[in-house]
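Just below is one structure, and these are the notes that go with it.
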Amino acid sequence: MDSIVPCLNLNLYSEPTSSSSTTIPKITPKIEPLDEPPPFLPTTTYISHTHPHLPTHHQTPSVPPPPEPDVSSEFNRISELFRSAFAQRLQKYGDVAILPDADPISGAIVPYSNPETQVSNVVISPRGGRKQDQRSSELVRVTDLKPEDYRSFRGGIRRTRMIFDSLRAFFVAEDEKCRDLLTPQRRLRVDLKVATLMKNQGLWLYRDKRIVGAIPGVSIGDVFFFRMELCVVGLHGQAQAGIDYVPASQSSNGEPIATSIIVSGGYEDDEDAGDVIIYTGHGGQDKHSRQVVHQKLECGNLALERSMHYGIEVRVVRGLKYEGSTAGKVYVYDGLYRVTDTWFDVGKSGFGVYKFKLVRFENQGQMGSVVLKFAESLRTRQLDAWPKGYVTLDMSSKKENVPVFFFNDIDDDHEPLYYEYLNTTRFPLHLYDHGAKGIGCDCVGGCLDICSCANKNGGQFAYDLNGILVRGKQLIFECGPHCQCPPTCRNRVSQKGLSNRLEVFRSQETGWGVRSLDLIQAGSFICEFTGVVLTHEQAQIFTMNGDSLVYPSRFPDRWAEWGDLSQIFADYVRPAYPSIPPLDFAMDVSRMRNVACYMSHSSSPNVIVQLVLFDHNNISFPHLMLFAMENIPPMRELSLDYGIADEWTGKLSICN
DNA sequence: GCAGTATCACACGC
DNA sequence: CGCGTGTGATACTG
């Protein structure tokens, strides 16, 4: 049963993929290029609902495609469409970057207009007057994205998700405040609130096209903490239902077409073997998720059947139990599957259920859910049962709270082990000369918003109660050794060191790299970038010796991108305070270093540098703390923007 | 475990 | 036939 059972029309769709690993199988005959562009040319298949040309099993690749425009121009049109959705935001970032340090107003943030106004602003789409809050019925497939196009789409996804996360943190903080004042109340469904707000602002992605197949910018293995996030990025449009589909009424031939499903174990008759899923149709359950009536072949069930009939690929998202998530669960995008079989069966309850066999397309890269489970299994594994390639299970020699792994299964290079592991940056001793005078707060019982350390941050803490960075700042003041507050104080986050199990690994492509064995939530602290601090003068001497130095001032101000809600709140200005002079020190990592300096460079990084001060008072010598800019699944390489001007695809040899 | 909410499709009705 | 509104279904979250 584990082999693929082709259905009647499947042979049309299993055309071999190109050699590019990011390419998914082209699945429709209509993708046949008209004027034989090179195989790399981006092609967009366009199944317009105005064209009565849904593929049927009678069609062969030789059937002429519908009278659509040239494929590449069609691609460009759609690409531009999506891009334009983010252009405004990019503009905003530009503005922020050159904002003079003028406005001293605090973090008082007020929506610039009431929700009603906002709604009315976006109801009419700028193009064509169609309602924005309704999904398009236009079926589109985007394939063979060029790397730069993919990056562009991914940038859009990332910014949108960052807004989601930031808004969530913002509303959670609001909610916390309210609860202090009022009587105990139900917790707000912040996820819903955020999603609605973003929808009203027109920030949901891919609503003007109904995408079959991969969502541009979403990678296999991407992890989501909330179901609504899937709606926001266009992976799955249903807030609760497990099958998303184009309804019959909107379909060109009057038949519904399924585009994505969520497998989260809610139906007892599901059988999930990874590459092959026996998926139960929806319906027939009572409030307690018990099957109480027969399912019918309608709605999503019918749509899945139709997708099988037409060979339409289906996105699969898995819901997995995960303690670290507020909902106790995360959603992982596992790639594209095809429905190969369907039948009506008697479920365990004795009631009839529809079953669908889904088989994963090959050449898609490892499933995110498999990686998550694998990483989880390592947590409890005996030392001798670790996979080959783990040279040491803690290169920090217990200097970090959690082990730092060292993995190399491609050669004998053990170079990182020859350096002394430095778990915190070594600053010049004179920075500590001034002692404790007036540095710390007196909050013996724990810090509140009125604490002096909060004041230094502009009247609020930079982190939420879970230690998530709410908003990037030029400099963050954490409570420190001179404060009276307990170690559990919420304003001590980055000083506590690692909480995720990081791993230095060797790869053919990037040389040394860093990845995590744990899922890292966006906004959470990862590690410090440590080294021995050299003053300007000392650095000049060192440079003459040819030693490699890291210059903190060269890291771009990526912190400004994190938590920027100017898209949502027009007067969401970045507080000018604290404002610090450009950093003028260097870090020597030639003898002592930590895991951070093995991170690869990327111009679209998933890790940002946030400057933090806590153990001394000199704003010219902050710690370089690294935070996750997006949810980073286990085994995905971490990357930093080192401020290198050129487009750099390989590993930065910053430590060599 | 329940309830308070989302979305969406579909059904009406004008 | 298009648009608005109401209703029912649904693998959610706190």
Side-chain angles (χ1 to χ4, degrees), chain A residues 119 123-124 128-137 164 168 171-172 175-176 179 184-200 204 207 210 224-251 254-272 277-293 295-296 298-304 306 314-322 325-332 347 349 353-356 358 465-466:
Chain A
V119 169
V123 161
I124 302 303
R130 200 186 60 80
K131 267 197 186 170
Q132 187 116 28
D133 66 335
Q134 214 167 33
R135 278 206 285 183
S136 163
S137 60
F164 187 96
R168 219 187 79 79
F171 282 125
V172 166
D175 193 32
E176 283 166 6
R179 218 145 353 135
Q185 53 187 327
R186 284 183 319 276
R187 281 177 182 273
L188 285 170
R189 283 292 301 277
V190 174
D191 55 317
L192 300 183
K193 198 170 170 181
V194 168
T196 307
L197 180 58
M198 288 181 71
K199 191 183 183 191
N200 291 342
W204 285 27
R207 302 215 101 217
R210 207 53 179 244
F224 302 80
F225 281 77
F226 291 90
R227 178 75 182 252
M228 290 310 292
E229 284 183 274
L230 304 175
C231 296
V232 173
V233 303
L235 257 187
H236 187 84
Q238 302 281 349
Q240 292 188 64
I243 306 171
D244 195 18
Y245 59 102
V246 179
S249 63
Q250 292 180 21
S251 177
E255 298 173 15
I257 299 291
T259 55
S260 61
I261 62 165
I262 295 186
V263 188
S264 62
Y267 279 82
E268 57 193 2
D269 297 309
D270 283 0
E271 295 168 43
D272 186 359
I277 305 169
I278 307 298
Y279 188 77
T280 313
H282 63 191
Q285 289 190 332
D286 66 1
K287 275 187 171 10
H288 308 283
S289 301
R290 281 187 298 247
Q291 205 69 40
V292 290
V293 289
Q295 291 183 344
K296 293 180 202 147
E298 59 185 16
C299 301
N301 298 349
L302 179 59
L304 267 179
R306 289 289 86 188
V314 174
R315 293 184 291 272
V316 170
V317 175
R318 280 193 172 78
L320 301 175
K321 279 183 87 156
Y322 181 76
S325 163
T326 50
K329 156 188 265 204
V330 291
Y331 298 91
V332 187
S349 62
V353 293
Y354 278 90
K355 287 194 172 171
F356 301 92
L358 290 105
L465 291 178
N466 295 315

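A, B, ... follow the sequence lines: proteins, then strands. Residue 1 opens every chain.
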*Could you check A/Val317 against A/Phe224 for side chain to side chain contact (heavy atoms under 4.5 Å, CB included), going step by step and ending with a plain yes or no?*
CA-CA 10 Å; A/Val317 175; A/Phe224 302 80; 5.9 Å; no
What is the separation between atom [atom1] on [X] and atom [atom2] on [N], rounded to the nearest whole Å?
X: A/Lys329; N: C/dC12; atom1: NZ; atom2: P; result: 5 Å
X: A/Leu197; N: B/dA6; atom1: CG; atom2: P; result: 12 Å
X: A/Met198; N: B/dA6; atom1: CE; atom2: P; result: 16 Å
X: A/Asp286; N: C/dA9; atom1: CG; atom2: P; result: 13 Å
X: A/Arg168; N: C/dG14; atom1: CZ; atom2: P; result: 7 Å
X: A/Asp244; N: B/dC8; atom1: CG; atom2: P; result: 8 Å
X: A/Lys193; N: B/dA6; atom1: NZ; atom2: P; result: 11 Å
X: A/Glu298; N: C/dG8; atom1: CD; atom2: P; result: 15 Å

*Which residue, A/Ala248 or A/Leu192, contacts DNA chain B at a nucleotide closer to its 5' end, judged by nearest heavy atom?*
A/Leu192
*Which comes earlier along DNA chain B counting from the 5' end, the contact point of A/His288 or that of A/Thr196, where each point is its nearest nucleotide?*
A/His288
*Under 4.0 Å between any heavy atoms, over every strand shown, what does A/Gly300 touch: base, sugar-phosphate, or nothing? Just pick one.*
nothing
*With a non-hydrogen cut-off below 4.0 angstrom, is A/Arg290 in contact with a base, only sugar-phosphate, or nothing?*
nothing
_Which label fits A/Phe226 and A/Phe164: parallel for a plane angle under 30°, tilted from 30 to 60°, or perpendicular past 60°?_
tilted
*Taking only heavy atoms on the protein side, list every residue of residues 228-238 of chain A lying under 4.0 Å from any atom of DNA chain B, sorted numerically.*
A/Gly237, A/Gln238
Within less than 4.0 Å of OP1 or OP2 of [N], is there a side-chain N or O belonging to [X]?
X: A/Tyr245; N: C/dT10; value: no
X: A/Arg207; N: B/dC8; value: yes
X: A/Arg227; N: C/dT13; value: no
X: A/Lys199; N: B/dC8; value: yes
X: A/Ser289; N: C/dA11; value: no

*With pairs defined as Watson-Crick or G-U wobble and both distances under 3.5 angstrom, please note down DNA chain C as a dot-bracket string, | for pairing with another strand.*
.|||||||||.|||
_Non-hydrogen atoms of A/Ala258 and A/Tyr245 that approach each other most closely_ = CA-CB, 3.6 Å
_Minimum heavy-atom distance A/Gly237-A/Asp244, with the two atoms named_ = N-OD2, 2.7 Å
Residue pair [X] / [Y], side-chain heavy-atom distance below 4.5 Å:
X: A/Ile261; Y: A/Phe356; value: no
X: A/Ser349; Y: A/Arg290; value: no
X: A/Thr326; Y: A/Phe225; value: no
X: A/Asp270; Y: A/Ile277; value: no
X: A/Tyr279; Y: A/Val316; value: no
X: A/Gln295; Y: A/Tyr267; value: yes

_Is there, by distance only and without an angle test, a donor paired with an acceptor across the side chain of A/Gln240 and the base of C/dA11 below 3.5 Å?_
no
*asked:* I want to confirm an ordering. Mapping A/Val190 and A/Tyr267 to their closest nucleotides on DNA chain C, which one lands closer to the 5' end?
replied: A/Tyr267
*Given DNA chain C, 5'-ward residue of the pair A/Tyr279 and A/Ala327, judged by closest heavy atom*: A/Tyr279
*Of all the choices, C/dA11, B/dT7, B/dG4, which nucleotide is nearest to the side chain of A/Arg189 once you look at every atom?*
B/dG4
*Please lay out, stage by stage, how A/Met228 and A/Trp204 fare under the test side chain to side chain contact (heavy atoms under 4.5 Å, CB included).*
CA-CA 10 Å; A/Met228 290 310 292; A/Trp204 285 27; 4.0 Å; yes
